[in-house]
Participant: 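Have a look at the structure that comes next, please.
Atom set for the values below is all heavy atoms of this structure, side chains included, hydrogens, waters and symmetry mates excluded.
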Amino acid sequence: MIQYRQTRNLPIDMIDSMLLGNPSFKVNVYQQNNNYTITAELPGFNKEDINIEYDNNILTISAEHSDKENTNDEQHYLIRERNAKKQSRQFIFKHIDTANINATMENGMLIVNLPMKQSKTKISID
């Protein structure tokens, strides 16, 4: 089943998806209690290949690795599907407790937790 996501550039995104084979990794984003959680499928990547940054309310997850096989002039590939690739996704989150953001990686699944800052204060009337 094909799932469509909301986008401002639907025709461009659809063409890119068809031509490039959707190079972005898949994610789930959900909110539970006072925490946002992103789970990202990144099979074949080590945690050293992944960069996570949070700046100006934007969370960026990027992953990059290269074809580690040594190539030389004597090799003539018949099929070459494994090559260098870089993938990146960005998300907007406001009111995040940046000091307590954490991430874990296990079995090709990256989990990023973004705790929310409490911005509301209940004031009692005397």
Participant: If you measure only the distance, is there a donor-acceptor pair under 3.5 Å linking the side chains of Asn102 and Thr104?
Facilitator: no

Participant: So how far is it from Ile61 CD1 to Leu110 CG, rounded to the nearest 0.5 Å?
Facilitator: 5.5 Å

Participant: To the closest 0.5 Å, what do you measure between CG (Leu42) and NZ (Lys47)?
Facilitator: 14.5 Å

Participant: Nearest 0.5 angstrom please: Asn35 CG to Asn33 CG, how far?
Facilitator: 8.0 Å

Participant: Measuring from atom OG of Ser88 to atom CD of Glu64, what distance do you get when rounded to the nearest 0.5 angstrom?
Facilitator: 10.0 Å

Participant: Would a 4.5 Å heavy-atom cut-off, applied to side chains only, mark Leu114 and Ile38 as touching?
Facilitator: yes

Participant: Of all the heavy-atom pairs spanning Arg89 and Phe25, show the shortest one and how long it is.
Facilitator: NH1-O, 2.7 Å

Participant: Side-chain contact, heavy-atom cut-off 4.5 Å: Ile52 with Ile101?
Facilitator: no

Participant: What is the distance from atom CD1 of Ile111 to atom CE of Met105, rounded to the nearest 0.5 Å?
Facilitator: 10.0 Å

Participant: Is there side-chain contact between Phe91 and Val112, with at least one heavy-atom pair below 4.5 Å?
Facilitator: no

Participant: Looking at every heavy atom in both Met116 and Tyr36, which two are closest together, and how far apart are they?
Facilitator: CG-CE1, 3.6 Å

Participant: State whether the side chain of Asp49 and the backbone N or O of Asn46 hold a donor-acceptor pair below 3.5 Å, judged by distance alone.
Facilitator: yes

Participant: With rounding to the nearest 0.5 angstrom, report the CD1 to OH distance, Ile96 to Tyr54.
Facilitator: 5.0 Å

